[in-house]
Amino acid sequence: KEMPGWPVYKIKLGTADDLGIIRELRRHTDTLFRVDANCGWTADQTIEYAPIVRDMNVEFIEQPLPPQDREGARRAFAGSVLPLIADENCVIESDVDRCAGCFHGINIKLMKCGGLAVARRMAARARELGLQVMAGCMTESTVGISALAQILPLLDYVDMDGAVLIARDIADGV
């Protein structure tokens with residue numbers, strides 16, 4: 001039996017025709033989308049696109065701007081009608097504080113941050129700052145991804161699909 005609201009598709013963007021890609025996908029499904037702009041937008045584009053993609057059943061926008069564009073991130077945060085989730089801006093524990101006022105949430109990746117203990121501290125600090133918490137993965141085996149299950153109660157969103165992108169997983173039954 002499917003869970004309500006499932007499936008959810010994460011759409012990787014960051015091209016010249018991002019809105020066209022979403023419009024085309026909408027011709028084939030009405031399921032919830034999460035958009036990862038992969039640092040490919042400006043602050044102005046983020047503010048402009050947010051209401052458009054919200055109306056196309058997009059839940060949030062992940063990492064719309066390049067990580068070095070801190071001023072743009074602050075403007076996009078203030079002007080976006082959708083939550084903005086930090087990815088490249090939140091790699092290690094000390095990055096969490098810098099995301100407040102620039103993002104509505106953070107994406108924690110165990111393989112980047114240093115493991116479960118660090119991830120738990122990052123999630124706790126994000127909550128103290130009023131940020132949403134997501135955990136994601138890299139293109140990695142289910143061995144690495146399954147560790148995310150240990151912190152599921154701490155998360156608002158989870159992205160555990162990296163193993164479907166590898167030809168042969170090293171584990172079975174995880």
Side-chain angles (χ1 to χ4, degrees), residues 8-22 32-54 56 58-140 144-145 147-148 151 154-166:
V8 175
Y9 294 116
K10 183 174 176 181
I11 311 302
K12 296 274 196 174
L13 299 175
T15 68
D17 190 27
D18 287 342
L19 297 180
I21 291 168
I22 298 171
L32 185 65
F33 288 163
R34 295 172 178 167
V35 164
D36 183 349
N38 279 315
C39 309
W41 295 354
T42 65
D44 291 336
Q45 286 174 308
T46 303
I47 294 165
E48 176 187 347
Y49 293 173
I52 297 167
V53 300
R54 176 197 59 199
M56 290 191 275
V58 169
E59 185 174 24
F60 63 71
I61 302 167
E62 185 178 336
Q63 196 67 45
L65 285 74
Q68 67 274 15
D69 188 359
R70 307 279 310 159
E71 180 54 37
R74 282 188 278 281
R75 283 193 313 109
F77 171 78
S80 177
V81 298
L82 281 177
L84 305 179
I85 307 295
D87 186 356
E88 286 81 1
N89 276 90
C90 195
V91 177
I92 59 174
E93 194 170 353
S94 61
D95 291 336
V96 177
D97 283 329
R98 288 187 286 275
C99 289
C102 295
F103 295 92
H104 301 90
I106 62 167
N107 184 356
I108 300 169
K109 293 187 176 161
L110 296 179
M111 296 301 149
K112 287 185 177 182
C113 78
L116 287 167
V118 176
R120 289 177 56 86
R121 290 193 303 267
M122 289 174 75
R125 182 61 183 148
R127 294 291 185 212
E128 290 171 2
L129 296 169
L131 297 170
Q132 295 176 323
V133 181
M134 173 180 179
C137 59
M138 311 293 283
T139 303
E140 59 194 75
I145 294 169
L148 283 177
I151 62 168
L154 306 177
L155 307 176
D156 298 300
Y157 313 107
V158 65
D159 177 359
M160 299 173 69
D161 66 350
V164 301
L165 302 173
I166 59 176

- Message: Please check if the number of heavy atoms outside Arg120 that lie under 6.0 Å from its CZ is greater than 12.
- Response: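 12 or below, so no.
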- Between the side chains of Asn89 and Gln63, does any donor sit under 3.5 Å from an acceptor? yes
- Message: Between Glu62 and Asn107, is there a side-chain donor-acceptor contact under 3.5 Å, judged purely by atom types and distance?
- Response: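 The criterion, which ignores hydrogens and geometry beyond distance, is satisfied for Glu62 and Asn107.
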Within the side chain of [X], is there an N or O that forms a donor-acceptor pair under 3.5 Å with the backbone of [Y]?
{"X": "Asn38", "Y": "Gly40", "value": "no"}
{"X": "Glu128", "Y": "Ala126", "value": "no"}
{"X": "Asp156", "Y": "Val133", "value": "yes"}
{"X": "Asp69", "Y": "Pro66", "value": "no"}

- Task: Test side-chain contact (heavy atoms from CB on, under 4.5 Å) on Val58 and Arg34 and set out the steps.
- Result: CA-CA 5 Å; Val58 169; Arg34 295 172 178 167; 6.0 Å; no
- Derivation of the side-chain contact (heavy atoms from CB on, under 4.5 Å) call for Met134 and Ile108: CA-CA 6 Å; Met134 173 180 179; Ile108 300 169; over 6 Å; no
- Item | NZ/NE/NH1/NH2 to OD/OE distance under 4.0 Å, Asp44 and Arg75 |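 Here Asp44 pairs with Arg75 in a salt bridge, since their nearest N and O are under 4.0 Å apart.
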- Item | Basic-acidic side-chain contact under 4.0 Å: Asp161, Lys10 |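 Not counted as a salt bridge, because no side-chain N and carboxylate O are separated by less than 4.0 Å.
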- Message: Just checking His104 against Phe77, ring centres under 6.0 Å apart?
- Response: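 Yes - the distance between ring centres of His104 and Phe77 falls below the 6.0 Å cut-off.
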- Query: Knowing that exactly one of Ile85, Leu13, Ile21, Leu82 qualifies, which makes a side-chain contact (heavy atoms from CB on, under 4.5 Å) with Val35?
  - Reply: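 It is Leu13; the other options fail the test.
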- Exercise: identify the closest heavy-atom pair between Met122 and Glu93: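 That would be CG-CA, 3.7 Å.
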- For Arg74 against Gly101, the heavy-atom pair lying closest together: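 Minimum heavy-atom separation between Arg74 and Gly101: CG-O, 3.7 Å.
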